[in-house]
Amino acid sequence: MAEPLKILFLSAEVAPFAKTGGLGDIGGSLPKALRALGHDVRVMMPAYKNIESGYPGVESIPIRLDVPTNFGDIPAGVFQGTLPDSDVPVYFVAEWHLFNRPTLYGYWDDPYRFAFFSRAALELTVKLNWKPDVLHAHDWHTAPAITWLSTAGQGYEHFRGIPSVFTIHNLAHQGKVNWEIFDYLGIQTHSLVEEAYGEVNFMARGIYHATMVNTVSPTYAREITTKEGGAGMDALLRHRQYDLHGILNGLDYDAWNPAVDKRLAASFSVDDMNGRLHNRRVLQERSNLPVRDDIPIVAMVSRLDWQKGLDITGHVIHLLMNGFSGEAQFIVLGTGEHHYEQMFAQLAGYHHGKMAAFLDYNAGFAPLIYGGSDIFIMPSLFEPCGLGQMIAMRYGSVPVVRATGGLADTVQDTINGFTFQDYSTDAFWNALQRAIYIYNVDKKSWQAIQRNGMLADFSWEKSGLGYQQVYEWALARAASGG
Ligand code: ADP
């Protein structure tokens, strides 16, 4: 085993305490995987409203932080808990005015809220008398910790020489704010090309100052170095390309396991697929579709957002429902942008008896769709990692995906799913037709593809080893004075 490391893990979201998306999933799962590898990982996040109002197992601890700012030292309290089913400590930085609000984000002072949190978290390591070997910060919210560490922080013995890893989950949110935030944090530095005059861009700062940078899939790591995929950060990412890595997110195998998932109508596994047929029938019943074992069920579970490829989906569903690839059923579960909801509502009305559209968020129903459908579509325009295709595979629904980002890294054409390249209706339809053809005429190949998907290893153990490697590279860089 590698040397145990002291890892300071900062994130604005850590499931189950706070989650709006994949960032929260990683915050809750990766530290446990690192702990299992023997590391001393400590998670820090803000104390949001649910923590301030009392969260089971989370206690206030007798530490008072005095967080230095240009308005003087600002006091903050600390709560402590652990990640569920683990001994990984989670520290919550409590500042009532900044974090005790109805939602996690969406306030004019978000950059100040997370800059304060970042600085406070570093201060907390001093109070705990715990000098981390490596700082691991996620997305723009905690990038201020990396910036401070690599600038002002170098003046303090406690922080000197600590390398940092910055993980990009969503390049679209960059955390732009007025330059005065550097006065607030006591940072003196030059501006970056990516920053407009008088502006700080924390996403750019994280990429620029971190010892190592990574994102959540190898293909997305390459795509963001291009003008099309770089959201204005591509030149900076190319500049750092030798320190930029892609590590696929893991899937929480405890939460997503068809052998024990209580939300399914019947459990099943790769060696016992009988339960799957039952799920299929229950899914058809619940969707008000004819219960038939002889035609494919195509499905989608997704946020209805432009990123998800919905602009090339409508026409494909129309062709599918009109029988251009033989008889089929289609079920969608999703909510989001109004015009996409309308698109599915209209298609469902038109293709009554063949299609069902559930336009809401329903975590209890989603597993039945994964565990009862035959084909799962994910035609994303871009996809940093994507969990949907991994869940689908584990639940025996064969994915048809656009080969972008994490989809390209997890789905291999005709091995464990079907892929297409062009972002076009034609390419998507072609891939879906190929899948349906094999489903209809070559059951043996179909079962092999399904089985390959069910047996794929998307575990956090694997991802944890990837992060361990990146930490080691960061430490080696720091040791060589770089
Ligand atoms: P993203 O994080 O961009 O939304 P992912 O594929 O990484 O996409 O993760 C999507 C997750 O959200 C999956 O677990 C999926 O099952 C779930 N999900 C998306 N939409 C819904 C919905 N309407 N109801 C239930 N679960 C949903």
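Side chains are part of it too, since the values below use all heavy atoms of this structure and drop only hydrogens, waters and symmetry mates. Just follow the structure's listing: the first ligand is 1, and inside any ligand the first atom is 1.
Remark: ligand 1 and Gln307 share no N or O pair separated by less than 3.5 Å (distance only, no angle test). Checking only distances, Ala363 never comes within under 3.5 Å of ligand 1, N or O to N or O. For a threshold of 3.5 Å applied to N or O pairs, the pair formed by Gly388 and ligand 1 contains at least one separation below that value.
For the pair Glu95 and Arg113, the salt-bridge criterion is not met [side-chain N within less than 4.0 Å of a carboxylate O]. Taking 4.0 Å as the cut-off between side-chain N and carboxylate O, Asp110 and Lys176 do not count as a salt-bridged pair. Salt bridge annotation for Glu194-Arg205: absent, with no cationic side-chain nitrogen under 4.0 angstrom from a carboxylate oxygen. Salt bridge Lys354/Glu327: absent, no basic N to carboxylate O contact under 4.0 Å.
Relative to the six-membered ring of Tyr370, Arg394 misses at least one condition, a distance below 6.0 Å or an angle of at most 45° to the axis. Arg263 forms a cation-pi arrangement with Trp256, by the criterion of a distance under 6.0 Å to the ring centre and an angle within 45° of the ring axis. A cation-pi arrangement is absent between Lys462 and Phe458, since the terminal nitrogen or guanidinium carbon is not both under 6.0 Å from the aromatic centre and inside a 45° cone about the axis.
In summary, the aromatic rings of Phe17 and Phe92 are positioned with their centroids under 6.0 Å apart. Centroid-to-centroid, the aromatic rings of Tyr105 and His141 come within less than 6.0 Å.
The shell of residues lying under 4.0 angstrom from ligand 1, judged by heavy atoms, includes Lys308. Residue contact check for ligand 1: Asp360 places a non-hydrogen atom closer than 4.0 Å to it.
Looking only at heavy atoms of the protein, atom 2 (O) of ligand 1 is closest to Gly22 N, 4.2 Å. Of the protein's non-hydrogen atoms, the one nearest atom 14 (O) of ligand 1 is Ile391 CD1, 3.4 Å. Ranking protein heavy atoms by distance to atom 12 (O) of ligand 1, first place goes to Tyr361 OH, 4.5 Å. Nearest non-hydrogen protein atom to atom 13 (C) of ligand 1 is Tyr370 OH, 3.9 Å. Annotation: atom 5 (P) of ligand 1 to nearest protein heavy atom, Leu387 N, 3.4 Å.
With a heavy-atom cut-off of 4.0 Å, Ser302 touches ligand 1 through its backbone alone. If you look at Asn362 next to ligand 1, the close heavy atoms, those under 4.0 Å, all belong to the backbone. Residue contacts with ligand 1 for Met378 involve side-chain atoms from C-beta outward but no N, CA, C or O (heavy atoms, distance under 4.0 Å).
Close approach of ligand 1 to Gly334 is summarised as follows: ligand atoms under 4.0 Å from at least one heavy atom of the residue are 23 (N).
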